[in-house]
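Taking it in order: structure first as structure tokens, then the write-up.
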2 protein chains.
Amino acid sequence: MKKKTTIYDIAKELNVTVSTVSRALNGFSTISDATKKAVLETAKKMNYSPNKLASSLKSGKTQTIGVIVPSTQVHFFASVIHSIEQTLKNNGYRVLLYQSNESLENEINGVKTLLEAQVDGIIASMSLETEDVSHFKSVIKQNKPLILFDRTHKDIEAPSVTINDFDAGYMATQHLVDKGYRNIGFVTTSHQIKIFNDRYEGFKQALKDNNLSIAEENIVFGGLSIKDGRFGAGKLLRSTNLPDAIIAGDDFTALGVIKKLKENNLVPPHIGVMGFANETFSAFITPSLSTIDQQANKMGAECAKMFLKMVKKKNPYDNIEHIILEPVLVERQSTDKN
Amino acid sequence: MKKKTTIYDIAKELNVTVSTVSRALNGFSTISDATKKAVLETAKKMNYSPNKLASSLKSGKTQTIGVIVPSTQVHFFASVIHSIEQTLKNNGYRVLLYQSNESLENEINGVKTLLEAQVDGIIASMSLETEDVSHFKSVIKQNKPLILFDRTHKDIEAPSVTINDFDAGYMATQHLVDKGYRNIGFVTTSHQIKIFNDRYEGFKQALKDNNLSIAEENIVFGGLSIKDGRFGAGKLLRSTNLPDAIIAGDDFTALGVIKKLKENNLVPPHIGVMGFANETFSAFITPSLSTIDQQANKMGAECAKMFLKMVKKKNPYDNIEHIILEPVLVERQSTDKN
DNA sequence: CTGAAAGCGCTAACAG
DNA sequence: CTGTTAGCGCTTTCAG
């Protein structure tokens, strides 16, 4: 195994100094076309590949951004990562990935690891466990760009990119009302996470604006999963005030609701069902599920752009922006009551 | 913004030298408990965070692995990445992510970027466009571990982790035969990719072993997508020799097939349908889709383990292993003919 | 237009 | 048990 060639090797080869080689390689103007050409040629001939580690050590910039997400197995996060990487790669940045697996401990380790790797910034979505956020504050303290998306936290003074979940809830509800449903139930999580809360608030407001009352008995707080959906639907089916539509906290829960309804011969859209997230499967189940799209790709792109903007400023936290994307209603069969 | 504290700062603080500090920090035994304790304490007090860049430059190891996949938006790849990152993080490695987007040019850029970042190895699945593989050979030439998964290439002499796609095809076919189907059609891609070809070969062998003939008119070569599935099924429905079961090249195509069949009141399992990949949606559509699971998580874990094994050897390519995982049959409603 | 030399932060051989 | 010192590969003043 021959040693990798460095700028020293190519300097020696050409009887110039490393500074000359460095300049030529970096396309500085203060260099004669002749030597520049020579350098470039021998570089290629000697199969030179720059060691970015060395320049990073010198410059203090790694051209690398850290991304922390709960799990790439969740389609939403995979999509966000997709567009972050796409956007940033075109701007000369690399992506260092870290999964928290919804564990605070992992998340803390994540920012530590990324910081030690000297990333130029971090884009993250918090784990469900996270309450104390001092680990995130440490990146702000270093004056490195930190951008939070989707799952943010009120104690962190950093830019964020989120969906307007109040509108999402409102939109889902209004859609059902528009379709003629009047007695709308809600199956969601008791977890005190902002986004779920906001959706619920939007739901309530929409009902109020339409002069519809909230049937407290038709609100089920549990978890979010297919199983929870079945459970929630089961509870509503036993209600003395059977709802004519059900909104679920996410698409998986909605799927559970649909399954339970079908088993009871109350196939949507006879009873309307709405979810949140627009998972891949939602278009393909029967009946196909109306839902609210979370704009994952746009969210990723916005995070990336935000980072690029921040990284240019001497003080990234000069004037903190919070981007709130509008959710998008996806109408499908499960609410298509005519 | 105060400068970051280095081992020099903490050395000065304690009136010792950097070597002492370095030793203490790295837990060397040749250091007195007293100084070690002092160092650790002041390190914490001064909020010290090591600059891994510097040690990497020195050691030539970055503790970082590069991962190249077509797209994280494809659930299979997202799952593989998930387990790669999970496994490697527990062994002190970070993951640098690069998406090729099925473009050869991007892929070439990917290995260049990762190599310049001095990754300790690369795990990759090739883009559909890739024919010439010299870019991958360059990583082997550097004697750095390269592991290919799922989409490999015969010209690359590197370890690989794949699924036995012949068995996958065989298994799918045998399952249909076991369920009583006798006249089995196939809707797949004309693209000459090994994995698709292997599945088709497995299909043919299984028919032969069961003394069933291949109805050439019931083999459709096109693309792989919902649309292609509908198209393929349409063609088979017009066949003079209507099949009683259809295998599709992947789950999306199978979904298209199912949709078409349902429109023609030939709801599976009346006509049996099988897919490949076990996408998330496959369990949730109606009827739920029988399919062959590709073992994404296991594949990722195996890639990671292979890397760890290789990175330990002085010559990683000493004795190249090819791990072939067995696919797993997932029986669901679409083939449940009784 | 080019050279000399210092230094980014850390490790490790060598010396005591 | 601790200190000295020479780099890792590259960038970047400061001189010429």
Distance-minimising heavy-atom pair for A:Ala117 and B:Leu53: O-CD1, 4.0 Å

Distance below 4.0 Å between A:Ser56 side-chain N/O and C:dC8 OP1 or OP2: no

Five-pair end axes of the helix from C:dC1-D:dG16 to C:dG16-D:dC1 and the angle they enclose, rounded to 10°: 40°

Interatomic distance where CG belongs to A:Asn26 and P belongs to D:dG9 [whole Å]: 17 Å

Contacts table for residues 16-23 of chain B: side-chain donor-acceptor under 3.5 angstrom, sequence neighbours left out:
residue	atom	partner	partner atom	Å
B:Thr17	OG1	B:Ser19	OG	3.3
B:Thr17	OG1	B:Thr20	OG1	3.3
B:Ser22	OG	B:Asn26	ND2	3.4

Rounded distance (Å) that lies between atom P of D:dG9 and atom CD of B:Glu116: 15 Å

Sugar-phosphate only, base, or nothing, as touched by A:Thr35 at under 4.0 Å among non-hydrogen atoms: sugar-phosphate

A:Lys61 NZ to D:dT11 C1', straight-line distance once rounded to whole Å: 15 Å

Protein-nucleotide distance (B:Leu25, atom CG; C:dC10, atom P), rounded to Å: 8 Å

Euclidean distance, atom NZ of residue A:Lys36 to atom C1' of C:dC1 [Å, nearest integer]: 12 Å

Contacts of B:Thr35 that satisfy side chain to side chain contact (heavy atoms under 4.5 Å, CB included) - sequence neighbours left out: B:Ile31, B:Ser32

I'd like a table of donor-acceptor pairs (distance under 3.5 Å, sequence neighbours excluded) in which one partner is a side-chain atom from residues 87-98 of chain A, with atom names and distances.
residue	atom	partner	partner atom	Å
A:Thr87	OG1	A:Ser83	O	2.6
A:Lys89	NZ	A:Glu85	OE1	3.1
A:Lys89	NZ	A:Gln86	OE1	3.3
A:Lys89	NZ	B:Gln99	O	2.5
A:Asn90	ND2	A:Gln86	O	3.1
A:Asn91	ND2	A:Thr87	O	2.8
A:Arg94	NH1	A:Thr62	O	3.1
A:Arg94	NH1	A:Thr64	OG1	2.9

Length of the CD1-P vector between A:Ile7 and D:dT11, whole Å: 6 Å

Residues which pass side chain to side chain contact (heavy atoms under 4.5 Å, CB included) with B:Ala158, listed by chain and number, not counting sequence neighbours: B:Ile140, B:Leu146, B:Ile156, B:Tyr317

Residues that B:Lys305 engages under salt bridge (Lys or Arg N to Asp or Glu O under 4.0 Å), provided they are two or more places apart: B:Glu302

Partner residues of B:Lys61 under the salt bridge (Lys or Arg N to Asp or Glu O under 4.0 Å) criterion, sequence neighbours left out: none

Results of salt bridge (Lys or Arg N to Asp or Glu O under 4.0 Å) for B:Glu105 - residues two or more places apart only: none

Separation of atom CD in B:Gln63 from atom C1' in C:dC10, rounded to whole Å: 15 Å

Strand contacts (DNA chain D) in residues 39-55 of chain A, 4.0 angstrom heavy-atom criterion: A:Tyr48, A:Pro50, A:Asn51, A:Ala54, A:Ser55

Flag if over 12 foreign heavy atoms under 6.0 Å of CG, A:Asp33: no

All salt bridge (Lys or Arg N to Asp or Glu O under 4.0 Å) counterparts of A:Lys112, not counting sequence neighbours: A:Glu116

Under 3.5 Å, which N/O atoms of the protein pair with N/O atoms of nucleotides 3-7 of chain C?
residue	atom	partner	partner atom	Å
C:dG3	OP2	A:Thr17	N	3.0
C:dG3	OP2	A:Thr17	OG1	3.1
C:dG3	OP2	A:Thr20	OG1	2.6
C:dG3	N7	A:Arg23	NH1	3.3
C:dG3	O6	A:Arg23	NH2	2.3
C:dA4	N7	A:Ser19	OG	3.4
C:dA4	N6	A:Ser19	OG	3.2

Whole angstrom value for the distance that separates P of C:dT2 from CD1 of A:Ile10: 13 Å

Any A:Ser22 side-chain N or O less than 4.0 Å from OP1/OP2 of D:dT11: yes

Listed once per pair and sorted, the ring pair (Phe, Tyr, Trp, His ring centres under 6.0 Å) pairs that draw on residues 45-81 of chain B, sequence neighbours left out: none

